Amino acid sequence: MSDQPDATAPSVAETEHYDDLNTSAGAAPAVDIARPDESAAPAPPRATFEDLGLSEPLLRGVVEVGYIHPTPIQEQAIPVVLMGRDVLGCAQTGTGKTASFVLPMMDILAGSRAKARMPRSLILEPTRELALQVAENFAKYGQHMKLNYALLIGGESMSDQTDALNQGVDVLIATPGRLLDLFERGRVMLADCKVLVIDEADRMLDMGFIPDVERIVSLLPPLRQTLFFSATMAAEIRKLADAFLQNPKEITVSAPASVATTITAGVALVQPHDKREALRRLIRSEDVQNALIFCNRKRDVDVLYKSLTKHGFQAGALHGDLAQSVRFATLEKFKAGELRLLVCSDVAARGIDIGGLSHVFNFDVPFRDEDYVHRIGRTGRAGREGRAFTIATADDVKLVSAIESLTGKPIPRIEIPGLDPVTAEELAEAASAPRGRGRGRPAAKGREREERPRREARGGERGPSRVREERPARPEAEARPAELRPAEEVRPPRREDRRRDRREDRQERREDRRDDLGPPVRGFGDAIPAFMLIPIPRPQREAATAVPAAAPEDPADSAAA
DNA sequence: AAAAAAG
């Protein structure tokens with residue numbers, strides 16, 4: 001490991017190093033902050049890991065993995081953490097955040113050993129995949145360190161984890177649920193945890209983990225070092241940070257949400273029944289190396305995964321209802337290139353370390369605008385171009401404009417020829433419909449029957465031009481990528497495809513209904529029949545309680561009530 | 001609205 005490659009080909013080598021560290025932190029930058037600055041700035045002599053005060057064996061581990069230069073957050077945070085100070089880090093995944101706490105923690109913990117069931121440090125992560133990645137970091141850098149770590153996550157054997165705890169653990173990496181579970185079983189004590197990392201605090205908040213986190217923090221000794229990381233610093237997050245931290249050093253390496261310049265984005269407006277066909281056409285017309293395909297619901301992940309597989313695509317599925325072993329195995333296959341397409345829920349939207357995605361497809365427009373940024377941020381890394389396409393229906397246009405106002409950038413409209421156009425009336429109707437009720441399947445179904453233009457009414461310019469009329473303020477309409485319209489794609493969906501899509505839609509709706517209603521349950525609603533209010537007669541005290549009217553032998557009365 | 005996390 002010399003400086004040679006760095007000096008001769010700085011852009012390549014540095015990008016790679018930087019990106020690898022990003023990778024170690026778990027993600028592509030949803031928001032590209034550092035890279036443009038880096039290329040624009042007249043590069044001053046950059047720090048190396050040797051400048052940060054890390055120990056010799058640790059540095060050896062870092063160098064062997066091939067890293068020379070720390071990322072900005074690493075450069076700023078590592079010395080502070082080594083001093084023992086609290087840190088409030090405002091950084092997206094992809095900034096090298098993980099190494100910024102993993103490395104100094106290893107040095108802080110080196111030299112003494114943990115007692116059984118008394119871990120010396122704790123890292124809280126919101127998802128199992130993230131926890132696994134942090135654990136992998138300890139393994140990667142800690143080749144020459146004698147540190148134990150244990151991964152406490154749900155969905156895996158508890159006895160293995162208990163065994164590990166009994167061995168004595170220096171670093172505990174956990175998701176909140178399983179940690180509390182094991183604590184309540186008396187398998188782990190937290191009284192000796194002198195270092196605490198709360199990672200992805202904003203996501204913990206989104207996921208409703210904060211009560212758990214507060215509970216866990218209350219089990220830790222008050223005299224400890226706390227490192228708190230969040231991608232955003234909303235008021236609520238700051239309040240939390242105030243509660244957990246003491247005189248923290250604030251380190252911020254982020255910018256207002258914006259989409260990385262290396263990502264080419266587009267959104268296609270289609271009819272609900274054309275979504276799958278639209279996706280298939282997009283995939284076929286693009287040079288897809290490997291892509292994530294996001295759905296909003298777990299069931300839709302399953303449905304779409306099956307549908308793509310039936311259409312001959314090489315796909316996998318990933319969501320939180322799948323067995324943990326399957327989750328990790330699928331992710332591994334995808335990373336290894338055995339699967340080209342991964343249909344997933346928002347489990348994979350943040351933090352998961354999948355390098356070098358060529359594409360992200362949003363089969364559904366995400367409900368929350370930030371999620372869009374996180375999703376498409378999985379592509380377009382390391383200066384490579386990424387492409388992100390979203391499939392939207394008329395009902396989704398409000399969500400799309402929310403995203404556009406968040407990023408401050410319109411998403412260019414793209415056309416997928418040959419599909420039923422979305423009419424101006426439909427857009428107007430969707431725009432005027434109240435959010436919540438009125439959107440969704442029943443309304444779409446009615447419209448589908450009455451208003452959808454016949455196939456022969458689909459002219460070359462009719463649908464698209466009407467769509468554009470609807471959005472006169474969109475100058476980017478002509479910026480749509482031409483390669484999305486290869487001539488051979490301008491043909492209607494094959495009839496059997498269309499039939500299959502409809503069948504899948506029906507099936508999905510059936511399942512929806514089943515789930516919504518569940519097995520038929522009969523109840524009384526708010527009206528409690530009078531007979532239920534009559535006390536069970538006791539031999540002596542029959543007249544003690546005054547109950548009016550209905551007698552048990554008069555069922556008509558109770559039915560009326 | 002949905003997803004995530006404890007079975």
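Predicted model, so just to flag it, every value in this text is computed and none were measured. Chain naming here is simple, since letters A, B, ... match the order of the sequence lines and numbering starts at 1 in each.
Checked by atom type and distance alone, the side chain of A/D371 never pairs as donor or acceptor with a backbone atom of A/F367 at under 3.5 Å.
When ring centroids are compared, A/H374 and A/Y372 stay outside the 6.0 Å threshold.
A side-chain contact (heavy atoms from CB on, under 4.5 Å) with A/T407 is found for exactly one of A/I376, A/V373, A/D369, namely A/V373. Of the residues listed (A/N148, A/I123, A/L151), the one engaging A/F138 in a side-chain contact (heavy atoms from CB on, under 4.5 Å) is A/I123, and it is the only one.
At the phosphate of B/dA6, OP1 or OP2 sits under 4.0 Å from a side-chain N or O atom of A/T175. Under 4.0 angstrom from either OP1 or OP2 of B/dA2 there lies no side-chain N or O belonging to A/S345. Checking the phosphate oxygens (OP1, OP2) of B/dA5, a side-chain nitrogen or oxygen of A/R327 falls inside 4.0 Å. Residue A/R128 has a polar side-chain atom (N or O) positioned under 4.0 Å from OP1 or OP2 of B/dA6.
Other residues, nucleotides and ligands contribute only 12 or fewer heavy atoms inside 6.0 Å of the CD atom of A/E236.
Counting any heavy atom pair closer than 4.0 Å across all strands shown, A/G208 reaches no nucleic acid atom.
A/D202 places its CG atom 17 Å from the P atom of B/dA4, with the value rounded to the nearest Å. One interatomic measurement links the two molecules: NZ of A/K298 to P of B/dA3, which rounds to 5 Å at whole-angstrom precision. Separating the CZ atom of A/R299 from the P atom of B/dA2 is a distance of 9 Å, rounded to the nearest angstrom. Atom OH of A/Y372 and atom C1' of B/dA2 are 19 Å apart (whole Å). In this structure, A/F209 atom CZ and B/dA3 atom C1' are separated by 10 Å, rounded to whole Å. Nucleotide B/dA6 holds its C1' atom 9 Å from the CZ atom of A/R185, rounded to whole Å. We find that NE2 of A/H319 is positioned 12 Å from P of B/dA5, with the value rounded to whole Å. Rounding to whole angstrom units, CZ of residue A/R375 and P of B/dA2 are separated by 13 Å.
Considering only side-chain atoms of A/R297, the nucleotide from B/dA2, B/dA5, B/dA6 that sits closest is B/dA2. Out of B/dA5, B/dA2, B/dA6, the shortest distance to the side chain of A/T127 is found at B/dA5. Nearest nucleotide to the side chain of A/R178, out of B/dA5, B/dG7, B/dA2: B/dG7. Among B/dA6, B/dA5, B/dA2, the nucleotide with an atom closest to any side-chain atom of A/E129 is B/dA5. The side chain of A/E184 lies closest to B/dA6 when the candidates are B/dA2, B/dA6, B/dA4.
In terms of heavy atoms, A/E250 sits closest to A/R238 at OE2-NH1, 3.2 Å. Smallest separation of non-hydrogen atoms from A/T226 and A/D86: N-OD1, 2.8 Å.
The stretch residues 157-169 of chain A has no heavy atom under 4.0 angstrom from DNA chain B at all.
Checked by atom type, the side-chain pair A/Q161/A/R178 shows a donor-acceptor distance below 3.5 Å.
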